[in-house]
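So you know, we letter chains A, B, ... as the sequences are listed, proteins then strands, and number each from 1. Values below: all heavy atoms of this structure, side chains included; hydrogens, waters and symmetry mates excluded.
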Protein chains: 2
Amino acid sequence: MKQENRREEIILTAAKLFKEKGYSAVTMRDLATELGIKAASLYNHISSKQDILKSIIISLAEDFTQGMSDIKSSNESAINKLKKIVVLHVQITAQNTYGMASLNNDWMHLENQLDYYLQLRKSYERDFLEIIKTGIKNNEIIDSNPEIVMFSILSTLRSLYLWIPKKDELNREQLSIELSEVLINGINK
Amino acid sequence: MKQENRREEIILTAAKLFKEKGYSAVTMRDLATELGIKAASLYNHISSKQDILKSIIISLAEDFTQGMSDIKSSNESAINKLKKIVVLHVQITAQNTYGMASLNNDWMHLENQLDYYLQLRKSYERDFLEIIKTGIKNNEIIDSNPEIVMFSILSTLRSLYLWIPKKDELNREQLSIELSEVLINGINK
DNA sequence: TATTTTAACTAACAATTGTTAGTTTGTATG
DNA sequence: CATACAAACTAACAATTGTTAGTTAAAATA
């Protein structure tokens, strides 16, 4: 049977290089060299450079969609839903920091899957915003501009891929808790 | 005399394209087409593609350095210094959202100026962290992990370039105020 | 008016790009 | 042992890349 491990290894290595230099700046020869083989050999395992990018991004985007779906249907307060969103991001990002870099920075180089990706993202943000608006209506969340609140939280969560690798002394649970604290309760004494 | 406007126009257009696709994915022919000329004609005004990137990023980085220097030497509370940092980011970003995209995403493609850029960024973050630590010592800021606080605020501010163009109904002052509110006081009621 | 300068052009370059074709080698499987 | 297959290889391709050289037309300057 075909060794699916090798494909995974290629995609993981690609994600690592994409994080460092971005999708467009990484050549198939760069990738092959990093793996100790020749560029042409990559094509025994993947069908194109595009295919690698798609494999990295789409599965991550679907993980977020699934996570948001679970959170939406959980009968929790708005604040607790936000805390669950923080956990979701920390968890997925800690598991694949390289891939998250591509998701954040290289999504525009998706070709066939671009529309699908944008649809997932839009839907995710709509759900996120709905949670915040509900929280404001319920008097759980301070009366504020919901878009600014979402933008602020989401920007932080989307940057986690840059930060988690530098701070592995912090475990995921602890990070989620401290992050929720700062994002939700603020820093003013 | 040489028309410096044309150079500015080229750099501005380049920044716009870099924001959309990233530095590496934009060709000199793309840039020329956008300006309605041929690629070779660009070289009457700029010396290389690198030179364009450098011009975009370094001046912005120096603006931040200057801004931070002013804030550092202002005799304000830590919280007020943070508010001034928010204003600084909103102001610079609103003035040049395209350039801020390059600053955030394409800095690694600086070659000769990479070390200089990294030095400016490191110094900026050191000053930022110092303000937070002082605020915690002064009992102005909740006792928390200073790096998480900085990471959270800075991630949001660094993403402003994505968000400001979509929300021009919000003026800069108003945005700074609402953002400070959310970032500093939190959202929990 | 004569001259210089600006800013465009055409043509071309050497290098690099993603990818394909065809081949070889080692390792399981029958 | 014979066969099949996975996974590497070499060689090459057509297209695209940033950039240079040399030219031209219009505008500014003397």
Side-chain angles (χ1 to χ4, degrees), chain A residues 1-58 98 102 105-114, chain B residues 1-58 98 102 105-114:
Chain A
M1 87 206 73
K2 212 170 188 176
Q3 203 70 346
E4 207 60 12
N5 307 14
R6 196 61 171 146
R7 184 169 198 274
E8 289 302 316
E9 198 182 351
I10 289 172
I11 289 173
L12 203 80
T13 305
K16 192 173 101 187
L17 296 185
F18 293 169
K19 185 191 174 194
E20 287 166 14
K21 307 169 48 177
Y23 174 75
S24 303
V26 175
T27 71
M28 296 303 273
R29 284 166 181 82
D30 290 339
L31 177 54
T33 301
E34 187 78 10
L35 287 157
I37 61 178
K38 300 284 166 167
S41 307
L42 294 167
Y43 290 82
N44 286 315
H45 307 277
I46 53 97
S47 63
S48 66
K49 193 186 177 190
Q50 266 298 305
D51 176 51
I52 298 176
L53 188 67
K54 183 202 76 187
S55 296
I56 294 171
I57 294 183
I58 296 298
Y98 299 143
S102 297
N105 303 322
D106 291 321
W107 56 267
M108 70 284 277
H109 300 115
L110 288 171
E111 288 170 6
N112 292 334
Q113 291 77 19
L114 179 57
Chain B
M1 90 204 75
K2 213 170 186 174
Q3 203 69 346
E4 206 62 11
N5 306 12
R6 196 63 172 143
R7 184 169 197 272
E8 289 301 317
E9 198 182 352
I10 288 171
I11 289 173
L12 203 80
T13 305
K16 192 173 101 188
L17 296 184
F18 293 169
K19 185 191 174 194
E20 286 167 15
K21 309 169 48 178
Y23 174 74
S24 303
V26 175
T27 70
M28 296 302 273
R29 284 167 182 81
D30 289 340
L31 177 53
T33 300
E34 187 78 8
L35 287 158
I37 61 177
K38 300 283 166 169
S41 306
L42 293 167
Y43 290 83
N44 286 315
H45 306 278
I46 51 98
S47 63
S48 66
K49 193 186 177 189
Q50 266 298 304
D51 175 51
I52 297 177
L53 187 67
K54 182 203 77 187
S55 296
I56 294 171
I57 294 183
I58 296 298
Y98 297 143
S102 297
N105 304 322
D106 292 321
W107 57 266
M108 70 284 278
H109 299 115
L110 288 171
E111 289 170 4
N112 292 335
Q113 291 77 20
L114 179 57

Rounded interatomic separation in angstrom, taking [atom1] from [X] and [atom2] from [N]:
{"X": "A/Ile37", "N": "D/dA8", "atom1": "CD1", "atom2": "P", "result": "5 Å"}
{"X": "B/Lys38", "N": "C/dA11", "atom1": "NZ", "atom2": "P", "result": "10 Å"}
{"X": "B/Leu42", "N": "C/dA7", "atom1": "CG", "atom2": "P", "result": "13 Å"}
{"X": "A/His45", "N": "D/dC5", "atom1": "NE2", "atom2": "C1'", "result": "12 Å"}
{"X": "B/Asn5", "N": "C/dT6", "atom1": "CG", "atom2": "P", "result": "14 Å"}

A/Leu17 to A/Leu31 - nearest heavy-atom pair and separation: CD1-CA, 3.7 Å

Test side chain to side chain contact (heavy atoms under 4.5 Å, CB included) applied to B/Leu42 and B/Leu35, step by step: CA-CA 9 Å; B/Leu42 293 167; B/Leu35 287 158; 3.9 Å; yes

Any B/Arg6 side-chain nitrogen or oxygen under 4.0 Å from OP1 or OP2 of C/dA8: yes

Any B/Ser41 side-chain nitrogen or oxygen under 4.0 Å from OP1 or OP2 of C/dC9: yes

Anything under 3.5 Å between a protein N or O and an N or O of nucleotides 18-21 of chain C, put it in a table, one pair a line.
| residue | atom | partner | partner atom | Å |
| --- | --- | --- | --- | --- |
| C/dG18 | OP1 | A/Val26 | O | 3.4 |
| C/dG18 | OP1 | A/Lys49 | NZ | 3.1 |
| C/dG18 | OP2 | A/Met28 | N | 2.9 |
| C/dG18 | N7 | A/Arg29 | NH1 | 2.9 |
| C/dG18 | O6 | A/Arg29 | NH2 | 3.0 |
| C/dT19 | OP2 | A/Tyr43 | OH | 2.6 |
| C/dT19 | OP2 | A/Lys49 | N | 2.9 |
| C/dT19 | O5' | A/Tyr43 | OH | 3.2 |

A/Glu20 vs B/Met108, side chain to side chain contact (heavy atoms under 4.5 Å, CB included): CA-CA, chis, key distance, verdict: CA-CA 8 Å; A/Glu20 287 166 14; B/Met108 70 284 278; over 6 Å; no

Test side chain to side chain contact (heavy atoms under 4.5 Å, CB included) applied to A/Tyr23 and A/Gln50, step by step: CA-CA 9 Å; A/Tyr23 174 75; A/Gln50 266 298 305; 3.4 Å; yes

Main-chain N/O of A/Ile37 paired to A/Ser41 side chain as donor or acceptor, under 3.5 Å: no

base_contact_polar (C/dA8 base, B/Asn44 side chain, donor-acceptor, <3.5 Å): yes

B/Arg7 vs B/Asp51, salt bridge (Lys or Arg N to Asp or Glu O under 4.0 Å): CA-CA, chis, key distance, verdict: CA-CA 11 Å; B/Arg7 184 169 197 272; B/Asp51 175 51; 2.9 Å; yes

